[in-house]
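Numbers restart at 1 for each chain; the letters A, B, ... are given by sequence-line order, proteins then strands.
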Amino acid sequence: MTLYQRYPVYLTNSLSGKKEKFETLTPGFVGMYVCGPTVYNYVHLGNTRTFLSFDVIFRYLRFIGYKVRYVRNITDVGHLENDADEGEDKIGKKARLEQLEPMEIVKRYTEDFHTVMRQFNILPPSIEPSATGHIVEQINITKKLLDLGLAYEVNGSVYFDVKKYNQSHHYGILSGRNIEDLIESGRTLDSQDEKRDKIDFALWKKASPQHIMRWPSPWGEGFPGWHIECTVMSTKYLGETFDIHGGGMDLKFPHHECEIAQATSANGKSPVHYWIHSNMLTVNGQKMSKSLGNSFLPSELFSGNHKLLEKGYSPMTVRFFMLQSHYSSTLDFSNEALNAAEKGFKKLSNALSSVKKMRLTKNSSNPELEKSLLHQIDRCFINMSDDFNTAKTLAVLFEMASQINTLAGAKEIILSENVFEKFKSTYLSMMEDVLGLTEESGGNHELLNGTVNVLINLRKKVRADKNFALSDRIRDDLKAIGIQLKDGKDGEMSYEIES
RNA sequence: GGUUCCGUGGCCGAGUGGCUAGGCUGAGCUCUGCAAAAGCUCCUACAGCGGUUCGAAUCCGCUCGGAACCUCCA
C-alpha cells in the first residue's frame with residue numbers, strides 16, 4: 001500500500017469551489033501544469049509565494065509515491081500590456097526601453113528567476129518550456145480554431161470569438177461569471193479596436209513595423225497572444241486532459257478562463273480536472289504588485305535594504321513564514337511577523353540538527369510514548385493530504401520538535417527501534433523533503449569551527465578549575481561578536497552563530 | 001455596478017456544528033556556578049445584531065469593515 005493510498009489527498013478545486021478527493025487520470029501518475037513567470041522584470045516576493053505553494057504540492061505528491069510530471073513555463077513573448085489594438089508585448093517593451101535584444105531581456109530575467117528559486121529551495125520543474133519555443137504549435141492551434149469557426153482574422157491578427165464559444169459552452173465557468181455581465185461591465189471598446197466584441201481575446205497579433213519580436217505566419221508577420229502558449233505547452237507535454245493546473249489567483253480571469261475556452265474548442269474536451277489557485281501576498285492588507293509599487297525583491301528582503309524593513313531575513317525564514325499560512329489564504333507581510341517566523345524556524349531547525357544526531361540507548365518497547373509518536377507521524381500525513389495544509393503540519397512539527405528536545409536532553413532513550421527510526425525519518429523528511437526547510441549553515445567554515453573549538457576547550461579547563469570570571473569572559477566576548485556558547489549538562493559545549 | 005472572498009486572543013495565523021491549533025510576545029517555575037538553550041505552567045479569542053440547533057468561530061439572514069477579480073499582474 002502506497003502512502004497516497006493510505007492518506008488520500010483532498011484538494012480544493014477552483015472549478016467546483018469544493019474540496020474534492022484527488023483521483024488521477026492514470027493511477028500513480030500526476031500531470032501538473034503551473035503558469036510560470038513572464039520574464040520582463042525581476043520576480044518579486046509575491047510571485048515567489050505562488051511558486052513556493054506549488055513547490056510544496058509537487059514535493060508532497062512525489063513524496064507520497066506519485067510519479068509527477070511538473071510543467072512550469074517561461075513566458076518570453078506574447079504577454080501584452082493590454083489586449084487593446086495598441087497593446088504592446090511586455091518583453092518587447094522592456095527591450096525597447098533598455099535598448100536590448102528581447103532575448104537579452106529574457107535571458108537576464110530568466111536567470112534571476114532561477115537564482116531566486118534556488119535561494120528559496122524551490123525545486124526545478126520536470127519540464128520548463130518557453131513560449132518562443134512553441135511558435136509553430138501556437139500557429140497550428142490558431143489555424144485549427146479558425147477552421148472550427150471559433151476565431152476570426154482581421155488585418156493580420158486573429159481573435160477568439162467568445163460569443164460563438166459561449167453558444168455551446170459556458171465562458172466564465174471557472175471564475176463564476178456570465179457573458180452578459182462581462183459585456184455590460186468592464187472597459188469600453190477602443191474605437192479602432194479590431195475585435196468584434198470586447199471580451200474576445202487575441203490568439204495572434206500582427207506586428208507593427210517597429211515591433212521587434214515577430215514570426216512569419218499564414219496571416220503575415222506577427223506574434224502569439226498571451227493565453228495560447230499555456231494551452232499549447234500543457235497539451236503538448238501533459239495531454240489534452242491532465243490532472244492539475246495551477247497558478248496565482250489573479251490569473252483565474254481572464255487567463256485561465258481563456259485557456260479553458262481555447263483548449264475545449266480545439267480538443268473537444270475540458271482540459272483540466274483540478275484547478276488550484278494560490279492566494280496573494282499582501283502588504284498592509286493590499287496585494288503586493290509591481291504596479292502598486294509595494295513589492296519587495298527577494299534580494300532586498302535578504303539584505304534588509306528596503307524602507308519597510310528593519311533588518312534582513314534569510315530565505316528559509318521567509319519560506320517558513322509563508323508556509324505558516326494556507327496557500328489559499330492571503331498572507332500579510334510585516335516585520336513583526338517575519339521576526340516571529342525567524343524565531344519559530346530556528347526552533348524547528350535546531351530540532352532538525354539534534355534529531356540527526358540522536359541515537360537509541362536501548363531497543364525496548366515503550367507503549368505510551370510510542371503511541372504518542374505514532375500519532376504525530378500520522379497527523380503529519382493527514383494534514384498534508386488535507387489540501388496541503390502546511391500550517392497544520394507545522395503545528396505538529398512543533399510538537400515533534402519539543403519531543404525531540406526532551407529526548408535529546410534525556411539520560412537515555414528507550415524505545416522500539418522501528419518507531420524511533422520512523423519518528424526520526426518523518427521529522428526529517430517532512431522538514432527537508434516535503435516542506436523544503438533545510439538547515440542554514442550561517443557561514444560555518446572549518447577554520448572558524450576549529451578556532452571556536454580551541455576556545456571551548458580552554459573554557460572547559462577554566463570552568464573545571466571554577467575560574468568563572470575567565471569562563472564568563474570567554475563566553476561574553478564571543479557573544480559580543482555573534483557567537484553564542486551553550487553549556488550542555490554533561491559538560492559539553494556547543495555554539496551557535498547568531499545572525 | 002457585477003463576481004468571489006475575508007474579518008479569530010497583544011501580534012501572525014490554523015480551524016467549517018460539540019473535542020488542545022501552532023508560532024511569536026508577556027508572566028512564573030525547573031534545570032544551570034551564572035547565562036544561553038531546553039522543558040513545564042499561565043494569559044482562552046472568534047466584527048456586530050438576529051435566526052436555525054440540545055449545542056455555532058463554524059450553518060442562514062442583515063449591518064459594519066476590508067480585500068481580490070471584472071485592464072497588465074503570481
Does anything in residues 243-253 of chain A form a salt bridge (Lys or Arg N to Asp or Glu O under 4.0 Å)? List the pairs, not counting sequence neighbours.
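Applying salt bridge (Lys or Arg N to Asp or Glu O under 4.0 Å) to every pair that reaches into residues 243-253 of chain A, excluding sequence neighbours, yields A/D250-A/K287.
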Inter- and intrachain pairs under salt bridge (Lys or Arg N to Asp or Glu O under 4.0 Å), touching residues 318-330 of chain A, at least two apart
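Only A/D55-A/R319 qualify under salt bridge (Lys or Arg N to Asp or Glu O under 4.0 Å).
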Distance below 4.0 Å between [X] side-chain N/O and [N] OP1 or OP2:
X	N	value
A/S278	B/A74	no
A/S329	B/A14	yes
A/N405	B/G39	yes

For the base of B/A74 and the side-chain ring of A/F51, does the geometry meet a stacking cutoff of under 5.5 Å between centres and under 30° between planes?
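Check failed, A/F51 does not stack on base of B/A74.
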Measure all distances between protein nitrogen or oxygen atoms and nitrogen or oxygen atoms of nucleotides 25-30 of chain B, and list the pairs falling under 3.5 Å.
from  : atom 1 : to     : atom 2 : distance (Å)
B/U25 : OP1    : A/K343 : NZ     : 3.1

Between the base of [N] and the side chain of [X], is one N or O donor paired with an acceptor at under 3.5 angstrom?
X	N	value
A/N279	B/C5	no
A/D472	B/G33	yes
A/R49	B/A74	no

Could you measure between the two P atoms, the one in B/A35 and the one in B/A67, and give it in whole Å?
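Result for the P pair: 49 Å, nearest Å.
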With sequence neighbours left out, write down each residue that passes ring pair (Phe, Tyr, Trp, His ring centres under 6.0 Å) with A/F423, or none if nothing qualifies.
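Per chain and number, A/F423 pairs via ring pair (Phe, Tyr, Trp, His ring centres under 6.0 Å) with no residue.
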Restricting to ring pair (Phe, Tyr, Trp, His ring centres under 6.0 Å), what partner residues turn up for A/Y42, sequence neighbours left out?
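Ring pair (Phe, Tyr, Trp, His ring centres under 6.0 Å) list for A/Y42, sorted by chain: A/Y109.
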For the residue pair A/H375 and A/E399, confirm or rule out a side-chain donor-acceptor distance under 3.5 Å.
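Side chains of A/H375 and A/E399: no pair found under 3.5 Å.
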Taking side-chain contact (heavy atoms from CB on, under 4.5 Å) as the test, write out the residues that go with A/N279, two or more places apart.
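With neighbours one apart ignored, the set is A/R49, A/M249, A/T330.
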Please list, by residue number, the residues of residues 53-60 of chain A whose heavy atoms come closer than 4.0 Å to an atom of RNA chain B; answer none if no residue qualifies.
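Of all residues in residues 53-60 of chain A, none places a heavy atom under 4.0 Å from RNA chain B.
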Members of residues 312-321 of chain A that approach RNA chain B, where some heavy atom sits under 4.0 Å away
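By residue number: none to list.
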Are there any protein N/O atoms within less than 3.5 Å of an N/O atom in nucleotides 65-69 of chain B, and if so, which ones and at what distance?
from  : atom 1 : to     : atom 2 : distance (Å)
B/C69 : OP1    : A/K287 : NZ     : 2.5
B/C69 : O2'    : A/R177 : NH2    : 3.1
B/C69 : O2     : A/R177 : NH2    : 3.3

Of the nucleotides B/A37, B/G2, B/G33, which has the atom closest to the A/D181 side chain?
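Output: B/G2.
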Among B/A74, B/C12, B/G23, the nucleotide that comes nearest once only the side chain of A/T38 is considered
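So the nucleotide nearest the side chain must be B/A74.
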Neighbour count above 12 (heavy atom, 6.0 Å) for A/K424 NZ:
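Counting other residues, nucleotides and ligands, NZ of A/K424 exceeds 12 neighbours.
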Can you confirm whether more than 12 heavy atoms, excluding those of A/E368, are under 6.0 Å from its CD atom?
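Result for CD/A/E368: open.
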Given that both pair distances must be under 3.5 Å and the pair must be Watson-Crick or G-U, what runs of three or more consecutive pairs involve RNA chain B?
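If one scans RNA chain B for consecutive Watson-Crick or G-U pairs, the stems found are B:1-7 with B:64-70, B:10-12 with B:22-24, B:26-30 with B:38-42, B:47-51 with B:59-63.
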Among all residues two or more places apart in sequence or in another chain, which pass the salt bridge (Lys or Arg N to Asp or Glu O under 4.0 Å) test with A/E496?
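By the salt bridge (Lys or Arg N to Asp or Glu O under 4.0 Å) rule, A/E496 matches A/K346, A/K486.
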Sequence-distant partners of A/K290, salt bridge (Lys or Arg N to Asp or Glu O under 4.0 Å), two or more places apart
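Per chain and number, A/K290 pairs via salt bridge (Lys or Arg N to Asp or Glu O under 4.0 Å) with no residue.
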